[in-house]
S.K.: 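Encoded as structure tokens, here's the structure I'll be asking about.
Position 1 is the first residue of the sequence, and the numbers go up from there.
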Amino acid sequence: MKKVGTSQPTAAATETGPAGQPGAAAQGDGRTRHTVARLLLERGPITAAAVAEELGVSPTAVRRHLDVLVAEGEAYTRESSPRGRRGRGRPAKLYLLTESGRARFGHAYDDLAVAALRFIAEHEGEQAVREFAERRMAALVANHREALVAARTPAERAEVLADALTREGYAASARSVGSGEQLCQHHCPVAHVAADFPQLCEAETAAFAEVLGTHVQRLATIANGDAACTTHVPTARLTDPGSGPDAEQTSAGSVPKDRQNTAPIPAGGESV
């Protein structure tokens, strides 16, 4: 059997698991599908017949995995070139991975971003990194500013901000607590970079204060090892974003590190 340049178990070995083992078939399918996807990554565009020959399994089994990859948006097909056809009949389908499919094998974007910011810090200084972080957040909230301005209460504005952050990939939510609103980001696309460059978190917190029109307190961050990025928005009279002194009161850097890592504020209580 030919090898496909991977340490993954071969498809033939993973099609079935030990008899009676719960979930063995599903696990085998997952490993086989990963092997098929890796072959598309390394050899694509490639036909189902070529994948089957390479892995030593039946074309029917391979097509089943390819159909799942296509249905889940991880692969797509195109017809083979007329030059490459042999004989008559319908042209063979060639399978390739989509960007989503390539993502299952990981990217080095975080490493690249850290290296770029480190270069900026070494050659232009820490202030340049801070300015980059601020500009990034300004661009992020710009498309949602109108909706934020239209919201008149802390609860409404926190909900709008949570929805905006979710659209930007942060999986955010907002809820009322006894002393205000609590904004939670359950995912952070730049967490690994922010672990090395806290200026990203500081600029984010300052941007929240500005668009919410009140001071905020960052209680926890994913970059610092917490389960979610949690920000407390106290109940207060809101000002229009950028129009009042409150918008300049808070950045993550102004909150002591031990306060940043406190647990979320329970209803009716203080931070613990």
S.K.: Please round to the nearest 0.5 Å and tell me the distance separating atom CZ of Arg64 and atom OG1 of Thr32.
M.R.: 8.0 Å
S.K.: Using the test side chain to side chain contact (heavy atoms under 4.5 Å, CB included), find all partners of Ala48 that sit at least two apart in sequence or belong to another chain.
M.R.: Val62, Arg63, Leu66, Tyr95
S.K.: Side-chain contact, heavy-atom cut-off 4.5 Å: Tyr170 with Leu140?
M.R.: yes
S.K.: Between Ala113 and Val193, which heavy-atom pair has the shortest distance, and what is it?
M.R.: CB-CG2, 3.8 Å
S.K.: Answer with yes or no whether the hydrophobic clustering places Val68 together with Leu39; edges join I, L, V, M, F, W, Y residues whose side-chain heavy atoms lie under 4.5 Å apart.
M.R.: no
S.K.: As an exercise, state the distance from OG1 of Thr47 to CD of Glu53, rounded to the nearest 0.5 Å.
M.R.: 8.5 Å
S.K.: Check whether Leu55 and Leu40 end up in the same hydrophobic cluster, where Ile, Leu, Val, Met, Phe, Trp and Tyr are linked by side-chain heavy atoms less than 4.5 Å apart.
M.R.: yes
S.K.: According to side chain to side chain contact (heavy atoms under 4.5 Å, CB included), who are the partners of Leu96, at least two apart in sequence or on a separate chain?
M.R.: Pro45, Tyr76, Arg78
S.K.: Considering all heavy atoms of both residues, which atom of Gly73 and which atom of Ser100 are nearest to each other, and what is their separation?
M.R.: O-CB, 3.7 Å
S.K.: Does any non-hydrogen side-chain atom of Ile46 lie less than 4.5 Å from one of Leu94?
M.R.: no
S.K.: Just one of Val211, Leu183, Thr205 clears the side-chain contact (heavy atoms from CB on, under 4.5 Å) bar with Val216, so which one?
M.R.: Thr205
S.K.: Taking all heavy atoms of His232 and all of Ser179, pick out the closest pair and write down the distance.
M.R.: CE1-OG, 3.2 Å
S.K.: Between Glu210 and Arg145, does at least one N-O distance fall below 4.0 Å, as a salt bridge requires?
M.R.: yes
S.K.: For residues 160-169, which side-chain N or O atoms pair as donor and acceptor with protein atoms under 3.5 Å away, sequence neighbours left out?
M.R.:
from   : atom 1 : to     : atom 2 : distance (Å)
Asp163 : OD2    : Arg167 : NE     : 3.2
Asp163 : OD2    : Arg167 : NH2    : 3.3
Thr166 : OG1    : Ala162 : O      : 3.0
Thr166 : OG1    : Ala172 : N      : 2.9
Thr166 : OG1    : Ala172 : O      : 3.1
Glu168 : OE2    : His144 : NE2    : 3.1

S.K.: Check whether any side-chain heavy atom of Gln217 lies under 4.5 Å from a side-chain heavy atom of Thr231, and answer yes or no.
M.R.: no
S.K.: In Å and rounded to the nearest 0.5 Å, what is the CZ to CD distance from Phe208 to Gln185?
M.R.: 4.0 Å
S.K.: Test of understanding: clusters of I, L, V, M, F, W, Y form through side-chain heavy atoms closer than 4.5 Å, transitively. Do Ile222 and Met137 belong to the same one?
M.R.: no
S.K.: Under 6.0 Å from the CD atom of Gln127, do we count more than 12 heavy atoms belonging to anything else shown?
M.R.: yes
S.K.: Please enumerate all residues that pass side chain to side chain contact (heavy atoms under 4.5 Å, CB included) together with Ala128, with sequence neighbours excluded.
M.R.: Ile120, Glu124
S.K.: Could you check whether any side-chain N or O of Thr77 sits under 3.5 Å from a backbone N or O of Lys93, counting only pairs where one atom can act as donor and the other as acceptor?
M.R.: no
S.K.: Grab the two heavy atoms, one from His215 and one from Pro234, that are nearest each other, plus how far apart they are.
M.R.: O-CD, 3.1 Å
S.K.: Quick check: closest heavy atoms across Cys201 and Thr221, and the distance to 0.1 Å?
M.R.: SG-CG2, 4.4 Å
S.K.: Is the shortest side-chain heavy-atom distance between Glu99 and Arg102 below 4.5 Å?
M.R.: yes
S.K.: Would you say the side chains of Ser173 and His186 form a donor-acceptor pair under 3.5 Å?
M.R.: yes
S.K.: Taking only residues at least two apart or on different chains, which pairs with a member in residues 110-119 satisfy salt bridge (Lys or Arg N to Asp or Glu O under 4.0 Å)?
M.R.: none
S.K.: State, to 0.1 Å, how close Ala223 and Ala191 come at their nearest heavy-atom pair, and which atoms those are.
M.R.: CB-O, 3.6 Å
S.K.: So do Val51 and His65 actually touch side chain to side chain, heavy atoms under 4.5 Å?
M.R.: no
S.K.: Run the salt bridge (charged side-chain N to carboxylate O under 4.0 Å, His left out) test against Glu204 and tell me which residues pass, sequence neighbours left out.
M.R.: Arg218
S.K.: Is the gap between the ring centers of His34 and Phe105 under 6.0 Å?
M.R.: yes
S.K.: Taking the basic N atoms (NZ, or NE/NH1/NH2) and the acidic carboxylate oxygens, is any pair closer than 4.0 Å for Glu181 and Arg175?
M.R.: no
